[in-house]
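Numbers here simply count residues along the sequence, with the first being 1. If you're wondering where the values come from, they're calculated on a predicted model, not measured in any experiment.
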Amino acid sequence: MDAKTYTAQLADLRALREDIKKTQTALVRLQGERARQITALAAYAKAKAERIAPAAGLSLADVVAIAPILAPDRLTTAPSPPEPEAVGRPTAANIPVAVAEEPLGTPGAPAPALPSRTATPPAGPEAPPVVPAAPSPAPAAEKTGPDPAPARLGETRPLPSIPEGAAGDEWFTHTANLASTHPNFTQQARSTVFLDTTTGILVHRDRITRLDLPTASAGEILEAVFRTVPEGVERIYITAGDPWHAQADRHPFLKDAVAAWLNAPIPGWRTDTGRGKDRMAGHFVHARNPVGRYQHVNNEQHVELRSVGEWFDTTGAEPAVVRDAFVLLWKALRAHWPDAVLMGSPSQTGRDLWTRTIPTKGQFADGYPVLSEELRALLHTTAGQGRTELITPPRVPEKLPGLVEYDRTFAYAKHTWKSGVGTPQRVTAQRFASWSEKEQTKALFGCGHWHIRVTVPPTWNHVGILPAPAPGDRAWRYPHTPGTTFTTWAGGPEVYTALTNPLTPWKIEILDGLLWADGKPLDDWSKKLKEAWAGLAAQANLHGDPEQRLAAHLASRAVRALLLYGIGAFAQRPRTVTGTTPRTHERDIPTDAVIIGFDNDTITWQRSTGFTRDPNAHPEWAANIWSGARAALLSQRMREDNTYVGALHAQPGTVVAFRTDAVYLTEPQNWPYHGQPGDYLRKGHLTGPIPAPATEDALLALRDQGRTTQET
């Protein structure tokens with residue numbers, strides 16, 4: 001083979017790679033259509049998995065995983081429905097917590113149940129203590145035959161566990177010489193402009209000009225901005241236009257279009273490689289909110305191109321209003337942090353502000369230590385974020401009587417008052433069994449992350465409570481079929497909800513766990529953000545100028561983003577680096593990189609670099625908050641009104657969907673709203689009959705219609 005043939009075959013190989021990518025996209029679409037048709041077939045009263053499986057080319061387990069209604073346990077005697085009064089919170093609950101005595105490789109083996117206890121649900125920092133009741137023997141049930149085998153889930157994603165013995169105990173430590181400490185420096189503000197690439201309007205401080213941007217390429221934007229602002233700019237916020245999507249029709253994936261836009265050659269500029277302590281060098285390829293980082297080849301001029309969409313939705317807002325929103329945000333933060341500086345993204349800014357609340361005296365004067373890499377990886381894999389679930393027929397009617405959207409206001413701020421601090425202790429099944437009932441209760445209601453085996457009650461007729469791993473990266477499902485048994489990891493708030501829900505307790509078997517001491521590392525930071533949010537929200541409601549009302553509203557949304565993305569930044573997922581290499585130097589691409597796009601000149605690739613030595617990595621805090629937010633979607637106490645709200649307090653069969661902070665129901669609820677963090681706000685209402693949405697896009701379309709209908 002000569003060099004010419006080699007080069008030609010390389011070109012053929014690249015073309016084949018693109019064909020494979022397109023084929024994979026088509027395959028995903030077809031698999032989604034297959035799942036939709038299986039779900040539709042499952043609605044037929046006489047549908048059987050045994051007939052559907054060969055027609056679909058799937059195993060029985062795969063078909064049942066897609067349509068749980070086809071599971072064999074539906075053929076058993078139907079459980080008797082709960083008593084009517086079961087929709088309210090019980091004053092006492094028999095909590096069937098069990099301790100797994102057998103090795104983890106033998107799921108389903110019997111475990112001794114703990115005595116029943118009375119539980120008073122904590123709802124906040126002033127919650128009353130849990131007082132166990134005296135043990136009382138449960139009445140013996142009359143045996144009429146062997147116990148039926150519990151139903152099992154279909155295909156799942158395997159979750160890691162902690163190694164047995166000393167090997168696992170070594171995980172329970174902190175990374176040496178790595179801790180979150182109070183900063184001894186002040187962030188430097190960066191000169192910023194706001195640009196609408198559709199209209200060309202540029203706002204720099206109090207100046208408003210119009211640029212000519214026929215193509216709105218990155219090079220064209222840089223040239224026009226620096227010609228208009230010769231004193232220099234360090235950050236360019238794009239408020240509208242999404243110029244990185246201009247060539248989207250030429251690429252199979254949106255990310256490819258973004259990468260091509262960011263990496264297009266720009267005379268006089270190159271990709272920024274970082275400066276000083278700045279580790280955020282290089283472009284960040286994101287389908288919706290990318291970041292371009294450039295450096296001039298002849299001087300030290302550095303500049304970022306960013307989307308304001310990271311902070312809030314700017315639909316209908318002029319660049320000047322967006323500028324005013326950032327000014328209002330800065331002033332609101334300065335009232336609580338005299339050295340507050342707005343950084344490029346809400347996650348960067350949120351974490352920087354948090355570090356300035358770290359105490360310099362007392363127990364954590366030396367900072368909050370970072371967990372071992374093993375525990376951080378475990379939490380990354382086993383602690384999901386928001387609950388996203390669409391419930392389709394036959395679990396809901398084919399024609400919905402209505403669709404009502406309830407969204408939790410500033411939800412995550414409700415769950416920051418308590419977090420785990422210090423080195424966690426390991427709670428094995430044997431150790432948990434050795435504790436008293438009072439110690440077990442305190443542990444389950446504390447700051448913990450539990451490896452558990454769960455069994456859905458035989459009379460259950462509502463939505464699932466606890467997450468179970470599903471096929472796909474970090475995907476979760478919520479089993480609800482009576483008698484189903486599965487193994488998973490869950491945070492303390494969700495375990496608590498499963499044990500004390502308003503219908504009937506779930507059976508929980510403790511396999512292993514992490515338990516932290518209760519602390520308040522985020523409380524001061526969260527309180528300041530909530531006060532800033534409340535002040536800006538009040539301005540948005542009361543200001544006489546419509547543009548200033550909009551600016552205040554956007555600023556309040558930015559405060560929400562500071563907390564939301566600040567918490568997400570604590571999770572510290574494994575870092576992915578995006579790079580570009582000239583086509584002529586293809587051999588220089590890292591061997592462990594994945595090629596995500598290419599053009600005639602460059603190849604764009606990504607590679608995972610694992611966990612960095614981030615002093616502010618605290619996935620245990622993010623996991624606890626996310627667990628609390630998912631639990632509050634199901635049941636939450638409104639202390640002022642002495643009532644409970646959430647999906648489990650709606651009638652069975654009325655829950656249509658969950659989307660992070662929102663729940664969608666078929667009928668309105670009499671849930672109080674005071675405008676406080678965590679309260680359920682009714683944001684949309686459609687009157688039926690409405691076809692039940694079969695896809696997320698259909699749900700979002702109905703959501704938008706409902707919001708418009710309610711506003712009018």
Reference residue Thr416; test side-chain contact (heavy atoms from CB on, under 4.5 Å); the match among Leu529, Ile567, Asn624 |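 Exactly one option meets the side-chain contact (heavy atoms from CB on, under 4.5 Å) with Thr416, and it is Ile567.
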Test side chain to side chain contact (heavy atoms under 4.5 Å, CB included) on Tyr368 and Ile358 and set out the steps.
-> CA-CA 8 Å; Tyr368 294 102; Ile358 297 175; 4.2 Å; yes
Cation-pi check, Arg387 onto Phe658 ring (under 6.0 Å, within 45° of axis) | yes
With no hydrogens and no angle check, just 3.5 Å: does a side-chain donor-acceptor pair link [X] and [Y]?
| X | Y | result |
| --- | --- | --- |
| Asp524 | Thr357 | no |
| Thr409 | Tyr680 | no |
| His451 | Ser161 | no |
| His182 | Thr355 | no |
| His618 | Glu620 | yes |
| Glu494 | Ser627 | yes |
| Ser372 | Thr175 | no |

Angle class for the [X]/[Y] ring planes (parallel below 30°, perpendicular above 60°, tilted otherwise)?
| X | Y | answer |
| --- | --- | --- |
| His462 | Trp460 | tilted |
| His649 | Tyr644 | parallel |
| His449 | Trp489 | parallel |

Is a side-chain donor or acceptor of [X] paired with a backbone partner of [Y] at a separation under 3.5 angstrom?
| X | Y | result |
| --- | --- | --- |
| Lys520 | Trp417 | yes |
| Thr428 | Arg431 | yes |
| Arg613 | Asn177 | yes |
| Thr654 | Ala650 | no |
| Ser526 | Leu522 | no |

Is there a side chain to side chain contact (heavy atoms under 4.5 Å, CB included) between Arg453 and Leu511 once you walk through the steps?
-> CA-CA 7 Å; Arg453 185 177 300 118; Leu511 305 177; 3.8 Å; yes
Check whether any side-chain heavy atom of Val456 lies under 4.5 Å from a side-chain heavy atom of Ile465, and answer yes or no.
-> no
Apply side chain to side chain contact (heavy atoms under 4.5 Å, CB included) to Thr360 and Thr181, showing your working.
-> CA-CA 8 Å; Thr360 55; Thr181 57; over 6 Å; no
For Asp352, enumerate each residue passing the side chain to side chain donor-acceptor pair (under 3.5 Å) test, keeping only those at least two apart in sequence or located in another chain.
->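 Gln187, Arg356.
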For Glu531, which residues count as a side chain to side chain donor-acceptor pair (under 3.5 Å) partner, sequence neighbours excluded?
-> none
For Glu696, enumerate each residue passing the salt bridge (charged side-chain N to carboxylate O under 4.0 Å, His left out) test, keeping only those at least two apart in sequence or located in another chain.
-> Arg659
Quick one: salt bridge (charged side-chain N to carboxylate O under 4.0 Å, His left out) partners of Lys527, sequence neighbours excluded?
->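 Asp523.
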Quick one: do Asp313 and Arg557 satisfy salt bridge (Lys or Arg N to Asp or Glu O under 4.0 Å)? Show the steps, please.
-> CA-CA 9 Å; Asp313 181 6; Arg557 300 295 293 174; over 6 Å; no
Intermediate values then yes/no, salt bridge (Lys or Arg N to Asp or Glu O under 4.0 Å), Glu405 and Arg682 = CA-CA 6 Å; Glu405 177 191 7; Arg682 193 172 84 174; over 6 Å; no
Residue list, side-chain contact (heavy atoms from CB on, under 4.5 Å) with Ala632, at least two apart or on another chain |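 Ala632 satisfies side-chain contact (heavy atoms from CB on, under 4.5 Å) with Arg408, His415, Gln636 only.
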With sequence neighbours excluded, what pairs up with Thr643 under the side-chain contact (heavy atoms from CB on, under 4.5 Å) test?
->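 Per chain and number, Thr643 pairs via side-chain contact (heavy atoms from CB on, under 4.5 Å) with Met638, Asp641, Pro672.
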Asp614/Arg376 under salt bridge (Lys or Arg N to Asp or Glu O under 4.0 Å): CA gap, chis, key distance, verdict | CA-CA 11 Å; Asp614 183 352; Arg376 280 182 280 154; over 6 Å; no
Salt bridge (Lys or Arg N to Asp or Glu O under 4.0 Å) between Asp518 and Lys442: does it pass, once the steps are laid out?
-> CA-CA 11 Å; Asp518 292 350; Lys442 182 179 179 181; over 6 Å; no
Before giving the answer on side chain to side chain contact (heavy atoms under 4.5 Å, CB included), spell out for Trp671 and Asp679 the whole-Å C-alpha distance, their side-chain angles and the decisive distance to 0.1 Å.
-> CA-CA 9 Å; Trp671 293 345; Asp679 287 2; over 6 Å; no
Should Trp354 and Trp621 be marked as a ring pair (Phe, Tyr, Trp, His ring centres under 6.0 Å) after you check the CA-CA gap, both sets of side-chain angles, and the distance that decides it?
-> CA-CA 13 Å; Trp354 171 75; Trp621 298 346; 5.4 Å; yes
